[in-house]
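Just below is one structure, and these are the notes that go with it.
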Amino acid sequence: MDCAWSENCEEVKVREKMKQRMRTRNKRELKILLPTLREKERYIAFQIVSEEPVTYADLEVAVWNTMLDFYGEFGTSQTSMWLIKNLYDEQMQFGVVRCNNESVAAVLAALGLINRLGDIRVVVKVLKVSGTLKGLR
Amino acid sequence: MPFFDLHVHSAFSEGESSVEQLAATAKLLGYSGICFAEYYKGEEQIKKLATEIQKAKDKVGIEIFLGFEARNSKELNILADKRKKFDVLLVHGGDVSLNREAAETPQVDILTHPEAGRYDSGMNHIMMKLAAKNNVAIEVNFREVLMTSKKSRSTLLQNISSNIAMARKFHAPIAVCSGAISHWELRDPQAMASFASQLGLTLNEATDCVSKVPEKIVRESESRRSTEWIAPGVKIVRK
């Protein structure tokens with residue numbers, strides 16, 4: 001960095017270094033919450049029954065649109081829903097969605113309302129609900 | 001826990017899928033039994049349907065029941081007379097006078113979507129009391145919800161919630177059915193129960209609406225078709 005124009009070049013360099021350190025610290029993961037403050041999660045395993053194979057992109061759009069249409073933005077926010085991308089198996093058409101423990105019925109209801117993924121007619125079959133990913137296996 | 005779907009249409013009436021396709025999909029989704037609710041066209045139709053159902057039962061391996069859905073007062077009277085020849089009698093709700101007639105008829109098992117095509121819920125407290133007295137189940141039809149969106153879905157859900165609240169108050173049975181006309185419209189029973197729990201039922205009550213209530217309807221119907229059955233709560237006991 002060019003600080004030839006500044007009289008306090010050393011001071012500017014030190015300040016830049018400190019800013020860089022702060023940016024790095026903020027990028028690190030948040031410290032884990034206390035157990036009593038942590039949201040209790042539930043994992044819902046489901047399978048897509050369809051005429052043709054379904055891509056993750058279509059599934060994601062359908063799940064989010066259904067939730068948002070049915071419950072609205074605020075209602076969806078209350079469920080803390082998240083579709084887990086790494087766990088979607090395109091061959092078996094098996095997926096996992098995470099939500100909080102109080103919203104399991106709401107998320108299941110929304111999965112039941114999914115009619116089509118893109119142009120493909122589908123039926124969502126609920127396999128299992130568990131508190132841990134290990135419990136789904 | 002056994003799950004039953006008592007309102008499914010096959011290609012024999014207004015459906016798009018065959019009896020076998022619907023039965024196979026129902027088995028895949030975890031149902032213990034489904035009922036085909038067809039429109040009455042004559043005695044020969046009953047025999048034809050019964051044969052198809054028996055074939056599908058043997059092939060797929062779930063319980064399949066035969067039902068008829070009355071669309072008007074005349075059909076209701078004919079079907080009520082022939083009650084012992086089939087398993088489940090449904091009435092196509094929506095018209096207030098037909099809703100009332102269905103609630104007053106003890107032979108009726110399910111009044112389907114009483115709020116269909118209406119701005120109000122189609123039922124009042126008098127009709128609900130009659131339905132409770134005659135053991136007529138009020139249906140929550142999932143297909144009606146699937147086929148609507150935005151404002152019309154919102155109005156529909158309001159009316160369904162109103163019927164559910166009244167049914168709970170007067171202890172009328174509630175049955176949650178898919179109303180599917182295609183095997184792609186069948187739904188997972190847990191999803192249907194969860195959906196009903198969003199409309200005013202507790203989760204246990206909603207689960208009973210997909211399992212115990214329809215099971216009770218079909219078992220009572222089976223006992224009704226036996227020669228010992230005289231009237232509800234009365235049967236001949238031979239020693």
Side-chain angles (χ1 to χ4, degrees), chain A residues 42-52 54 58-59 62-63 65-76 78-79 81 92-97 99-130 136, chain B residues 1 3 5 8 16-17 21-22 24-31 140-154 156-158 160-161 176-207 209-210:
Chain A
R42 292 288 180 270
Y43 297 91
I44 300 169
F46 61 90
Q47 190 173 24
I48 307 286
V49 179
S50 63
E51 301 162 296
E52 294 162 23
V54 159
D58 282 340
L59 175 68
V63 170
N65 283 349
T66 309
M67 284 294 295
L68 289 167
D69 284 345
F70 196 58
Y71 296 112
E73 289 164 357
F74 181 68
T76 307
Q78 301 289 291
T79 64
M81 189 206 74
M92 298 291 293
Q93 308 225 122
F94 164 89
V96 176
V97 66
C99 64
N100 58 40
N101 61 340
E102 286 158 14
S103 309
V104 173
V107 174
L108 286 177
L111 289 177
L113 284 168
I114 297 172
N115 213 1
R116 286 175 186 272
L117 299 187
D119 290 327
I120 308 164
R121 288 190 294 183
V122 298
V123 176
V124 176
K125 180 182 173 184
V126 175
L127 298 172
K128 199 173 181 185
V129 180
S130 172
L136 290 179
Chain B
M1 182 177 283
F3 294 110
D5 187 351
V8 177
E16 294 166 3
S17 304
Q21 267 176 317
L22 285 158
T25 311
K27 185 170 184 187
L28 173 70
L29 292 172
Y31 285 100
V140 174
N141 189 300
F142 203 78
R143 186 170 183 269
E144 293 276 305
V145 181
L146 275 181
M147 294 297 126
T148 51
S149 65
K150 308 283 183 215
K151 190 176 160 201
S152 47
R153 185 185 271 184
S154 174
L156 173 71
L157 291 174
Q158 249 177 285
I160 293 177
S161 303
V176 180
C177 305
S178 64
I181 63 168
S182 156
H183 60 290
W184 297 113
E185 290 176 3
L186 286 170
R187 286 290 176 269
D188 188 283
Q190 283 184 76
M192 290 216 296
S194 300
F195 177 77
S197 73
Q198 302 298 301
L199 299 177
L201 292 166
T202 64
L203 193 54
N204 286 336
E205 286 171 341
T207 311
C209 292
V210 196

Review point. Which pair of heavy atoms, one from S194(B) and one from A105(A), lies closest together, and at what distance?
Key: CB-O, 3.1 Å

Check your understanding: Side chain, backbone, both or neither: which part of L28(B) has an atom under 4.5 Å from a heavy atom of chain A?
Key -> both

Exercise for review: Would you mind checking which part of N115(A) comes under 4.5 Å of any heavy atom in chain B, side chain (CB onward), backbone (N, CA, C, O), both or neither?
Suggested key: both

Practice item. For F46(A) and Q190(B), run side chain to side chain contact (heavy atoms under 4.5 Å, CB included): C-alpha distance rounded to whole Å, both residues' side-chain angles, the deciding distance at 0.1 Å, then the answer. Key: CA-CA 11 Å; F46(A) 61 90; Q190(B) 283 184 76; over 6 Å; no

Review point. So does E102(A) have more than 12 non-hydrogen atoms from other groups sitting under 6.0 Å from CD?
Key: no

Review point. Is E73(A) atom CD crowded by more than 12 heavy atoms from other residues, nucleotides or ligands, each under 6.0 Å away?
Key: no

Practice item. Side chain from CB out, backbone as N, CA, C, O: work out which of these in S182(B) comes under 4.5 Å of a heavy atom of chain A, or both, or neither. Key: side chain

**Study point:** Reported CZ-to-OG distance for the pair F70(A) and S154(B), which is rounded to 0.5 angstrom
**Key:** 9.5 Å

Review point. Given that the side chain runs from C-beta out, which part of V123(A) has a heavy atom under 4.5 Å from chain B: side chain, backbone, both or neither?
Key: both

Review point. Heavy-atom distance under 4.5 Å to chain B: side chain of Q47(A), backbone, both or neither?
Key: neither

**Study point:** Which atoms of V49(A) approach chain B - backbone, side chain, both or neither, heavy atom under 4.5 Å
**Key:** both

Practice item. Please test F195(B) against L108(A) for side chain to side chain contact (heavy atoms under 4.5 Å, CB included), starting from the C-alpha separation and ending with a verdict. Key: CA-CA 7 Å; F195(B) 177 77; L108(A) 286 177; over 6 Å; no

Practice item. Might you work through the side chain to side chain contact (heavy atoms under 4.5 Å, CB included) test for V124(A) and R187(B), ending with a clear yes or no? Key: CA-CA 7 Å; V124(A) 176; R187(B) 286 290 176 269; over 6 Å; no

Review point. Taking all non-hydrogen atoms of both residues, which atom of V145(B) and which atom of L113(A) are closest, and how far apart?
Key: CG1-CD2, 3.8 Å

